[in-house]
Amino acid sequence: MLGSSSVLVNNQESLHSEWFAGRIIDWQQQYGRCGLPWQGADAYRIWLSEIMLQQTRVATVIPYYLRFVDRFPAIPVLAAESEEMVLAYWSGLGYYSRARNLHSASRIIMQQHNGEFPHQFKDILALPGIGRSTAAAISAFAFHERCAILDGNVKRLLARYYAIDGYPGEQKIEAMLWEKAEALLPEKNVAIYTQGMMDLGATICTRSKPECCRCPVQAGCVAHRNGCVALLPTPRLRKKLPERKTTFLLLRNGSDILLEKHTGRVIWGGLWCPPQLDIQIPGDIESVRVYCRQFFNVEVINVLALPKFLHTFTHFKLHIFPLLIDVAVEDTLKAQETGMAWMGLDDAQCAAIPSPVRKLLQEIQKNCWES
DNA sequence: TAGCCGTGGCC
DNA sequence: TGGCCAAGGCT
């Protein structure tokens with residue numbers, strides 16, 4: 001009894017998977033996104049696009065992607081370049097460990113795979129910066145391997161389709177979603193199916209205002225049947241973000257700015273930033289004069305407090321108090337002894353700098369505040 | 001394993 | 001305005 005009913009269930013599940021995948025594939029071919037610059041490209045470009053697209057929207061990625069492949073058109077070129085240069089082309093995109101891992105992985109590929117992007121799922125997964133879902137996406141798109149992905153789009157889609165309650169970041173919930181993703185995977189056309197799942201999530205089964213009436217799998221969607229689409233997926237409970245303060249010391253010598261390189265796995269790791277104090281300091285010239293003489297060995301000519309602003313990270317808010325400090329420096333090369341460098345404003349804006357620093361440098365250049 | 005790691009667009 | 005969160009991975 002048990003055996004035959006189990007076979008029946010398996011048959012039903014298999015038939016359902018076939019129906020589901022067929023609907024997704026048909027929909028993708030008719031309505032899916034096409035013409036994205038990495039679609040149909042080589043494994044290197046597909047890899048790059050998948051990394052850039054982690055936690056980042058397509059529209060944001062496209063200009064970065066185009067500039068990046070223009071400058072680093074193949075893996076050997078990327079591997080031969082410095083991390084600094086790679087970060088400069090990543091500057092503004094955020095999550096800079098992605099760029100450091102990408103660069104590191106390119107050198108591993110040169111050493112361990114003769115410069116050719118690996119074809120085996122386990123080899124792809126072993127590269128830094130590539131987890132289970134990204135490895136599956138590359139395998140499916142570049143090599144047409146039968147691997148299931150589970151990115152944000154697919155999580156949202158499946159959480160609704162099966163009305164799975166609970167935050168998808170939770171391990172138990174995520175395990176259930178992986179199970180569903182694997183079970184639905186078709187035998188053929190995995191690349192089209194995978195792109196279809198992503199595109200359906202991105203354009204129809206959106207976080208807010210999903211267009212269920214245009215969804216190809218609406219007939220099987222449990223959340224739609226139960227009228228709880230808007231409640232799923234369960235949002236994460238978020239604590240209030242802690243707030244921190246920092247003073248940016250924008251030391252200016254003529255048209256040069258003093259920057260220091262953040263090292264290690266810290267916020268903005270590998271990027272150039274103005275020296276910071278993790279408190280708000282008085283902007284009066286005497287306080288700043290004493291501080292700058294002591295720590296930077298420079299004579300302060302003038303101090304101007306620029307407007308404060310807020311920069312929000314994933315896990316804290318940063319109130320930035322910028323001080324534009326005009327100084328006199330005799331030997332600009334001496335800064336190198338302490339891991340700092342004087343850079344011209346134009347050069348600095350081409351360097352690896354985080355977004356708020358770029359914003360400030362542009363402001364300084366535009367307004368030409370006088371000494 | 002939960003916290004860490006950016007940025008910008010949306011409502 | 002501010003909270004939310006995107007084609008996640010690492011430790």
Side-chain angles (χ1 to χ4, degrees), chain A residues 32-33 36-39 45-65 87 90-102 104-105 124-141 147-157 167-172 174 177-178 181 191 194-203 205-209 230 233-244 262 264-271 273 309-318 320 352-359:
Chain A
R33 291 179 289 191
L36 296 176
W38 44 83
Q39 285 178 336
R45 279 151 220 260
I46 288 168
W47 167 39
L48 173 66
S49 73
E50 288 301 328
I51 302 301
M52 283 190 166
L53 286 161
Q54 286 172 355
Q55 304 293 96
T56 313
R57 293 170 195 287
V58 168
T60 304
V61 164
I62 287 175
Y64 283 91
Y65 172 86
L87 281 169
W90 206 274
S91 169
L93 198 51
Y95 283 130
Y96 298 96
S97 65
R98 294 185 296 176
R100 299 195 299 267
N101 284 331
L102 185 85
S104 159
I124 298 172
L125 185 61
L127 294 170
I130 299 182
R132 179 174 172 185
S133 186
T134 298
I138 297 170
S139 296
F141 291 141
C147 302
I149 65 159
L150 189 64
D151 67 356
N153 288 313
V154 179
K155 281 180 181 170
R156 184 171 56 254
L157 204 160
Y167 172 56
E170 215 174 301
Q171 198 186 8
K172 193 180 79 183
E174 193 176 316
L177 292 168
W178 269 116
T194 302
Q195 190 66 53
M197 292 291 277
M198 288 177 165
D199 288 6
L200 191 60
T203 63
C205 195
T206 47
R207 183 167 63 91
S208 58
K209 296 183 185 175
T234 308
R236 74 181 295 178
L237 12 71
R238 205 184 281 268
K239 297 167 191 165
K240 198 182 168 201
L241 292 183
E243 304 196 11
R244 303 181 196 167
H262 285 209
R265 279 194 280 270
V266 295
I267 203 108
W268 296 330
L271 275 68
C273 300
F309 62 98
L310 182 67
H311 189 79
T312 308
F313 294 92
T314 316
H315 51 296
F316 67 96
K317 290 181 180 178
L318 187 63
I320 299 174
I353 53 172
S355 196
V357 175
R358 180 173 306 280
K359 182 176 141 189

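Proteins come first, then strands; the chains are lettered A, B, ... in the order of their sequence lines, and each starts at number 1.
Nucleotide dC4(C) holds its C1' atom 6 Å from the CZ atom of R238(A), rounded to whole Å. The nearest whole Å value for the distance from the CD1 atom in I51(A) to the P atom in dG6(B) is 15 Å. The separation between L310(A) atom CG and dG6(B) atom P is 16 Å, rounded to whole Å. As a whole-Å value, the separation of E50(A) CD from dG8(C) P is 9 Å. Look at CG on L53(A): it is 15 Å from C1' on dG6(B), rounded to the nearest Å. Distance CZ (R57(A)) to C1' (dC10(B)): 7 Å, rounded to an integer number of Å. The distance from atom CZ of R132(A) to atom C1' of dA7(C) is 16 Å, rounded to the nearest whole Å. Distance NZ (K317(A)) to P (dG2(C)): 7 Å, rounded to an integer number of Å.
Regarding contacts with the backbone of dG8(C), a side-chain N or O of Q55(A) is found under 4.0 angstrom from either OP1 or OP2. Checking the phosphate oxygens (OP1, OP2) of dG8(C), no side-chain nitrogen or oxygen of K155(A) falls inside 4.0 Å. Listed pair H315(A) / dC5(B) meets the phosphate criterion, a side-chain N or O lying under 4.0 Å from OP1 or OP2. Residue R156(A) places at least one side-chain N or O under 4.0 Å from the OP1 or OP2 atom of dA7(C). Dashed line: the shortest gap from a side-chain N or O of W90(A) to OP1 or OP2 of dC5(B) is not under 4.0 Å.
Taking the C1' atoms as reference points, dG8(C) lies 16 Å from dT1(B), given to the whole Å. Taking the C1' atoms as reference points, dA7(C) lies 22 Å from dG3(B), given to the whole Å. Rounded to whole Å, the C1' atom of dC10(C) lies 23 Å from the corresponding atom of dG8(B).
Nucleotides of DNA chain B nearest to V266(A) and S208(A) differ in position, and the one nearer the 5' end is that of V266(A). Each of R98(A) and T234(A) has a nearest nucleotide on DNA chain C; the 5'-most of these lies closest to T234(A).
For P354(A), the listed nucleotide lying nearest its side chain is dT7(B); candidates were dT7(B), dT11(C), dC5(C). Across dA7(C), dG9(C), dG6(B), the shortest atom-to-atom separation from the side chain of R33(A) is found for dA7(C). Ranking dT7(B), dG6(B), dC5(C) by closeness to the R236(A) side chain, first place goes to dC5(C). For T134(A), whose side chain is taken as the heavy atoms from C-beta onward, the closest listed nucleotide among dC10(C), dA7(C), dG8(C) is dG8(C). Proximity note for R207(A) (side chain, C-beta onward) versus dT7(B), dA6(C), dG9(C): the nearest is dA6(C). Among dT7(B), dG9(B), dG3(B), the nucleotide with an atom closest to any side-chain atom of K239(A) is dG3(B). Nearest to the side-chain atoms of S355(A) among the listed nucleotides dA7(C), dG8(B), dG8(C) stands dG8(B). If you check dC4(C), dT7(B), dC5(B) against the side chain of Y96(A), the one that comes closest is dT7(B). The side chain of Q195(A) approaches dA7(C) more closely than any other nucleotide in the set dA7(C), dC5(C), dC5(B). The side chain of V58(A) has dA7(C) as its nearest neighbour among dA7(C), dT1(B), dG6(B).
Of all heavy-atom pairs between G270(A) and A352(A), the closest is O-CB, 4.4 Å.
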- Message: Please determine whether side chain to side chain contact (heavy atoms under 4.5 Å, CB included) holds for the pair Y65(A) and L36(A), giving the CA-CA distance in whole Å, both sets of side-chain angles, and the decisive distance to 0.1 Å.
- Response: CA-CA 11 Å; Y65(A) 172 86; L36(A) 296 176; over 6 Å; no
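No hydrogens or angles were tested; on distance alone, nothing pairs the side chain of T60(A) with the base of dG8(B) as donor and acceptor under 3.5 Å.
Rounded to the nearest 0.5 Å, atoms CG (L318(A)) and CG (L310(A)) are 8.0 Å apart. Residue C147(A) holds its SG atom at 7.5 Å from CD1 of I124(A), rounded to the nearest 0.5 Å.
Contact annotation for G201(A): no contact, since no heavy-atom pair falls under 4.0 Å across all strands. Within the 4.0 angstrom heavy-atom criterion, only backbone atoms of the sugar-phosphate kind lie near P356(A); the bases stay farther away. Using a 4.0 Å heavy-atom distance criterion, I130(A) is classed as a sugar-phosphate-only contact. L150(A) comes within contact range of no nucleotide atom at all, as no heavy-atom separation falls under 4.0 Å. At a threshold of 4.0 angstrom between heavy atoms, the contacts of S49(A) with the nucleic acid are absent.
Between the T134(A) side chain and the G131(A) main chain, no donor and acceptor come within less than 3.5 Å of each other. A donor-acceptor contact shorter than 3.5 Å is absent between the side chain of E174(A) and the backbone of L150(A).
Aromatic ring centres of H311(A) and F309(A): separated by at least 6.0 Å.
Atom CZ of R265(A) sits in a sparse spot, with 12 or fewer heavy atoms from other residues, nucleotides or ligands closer than 6.0 Å.
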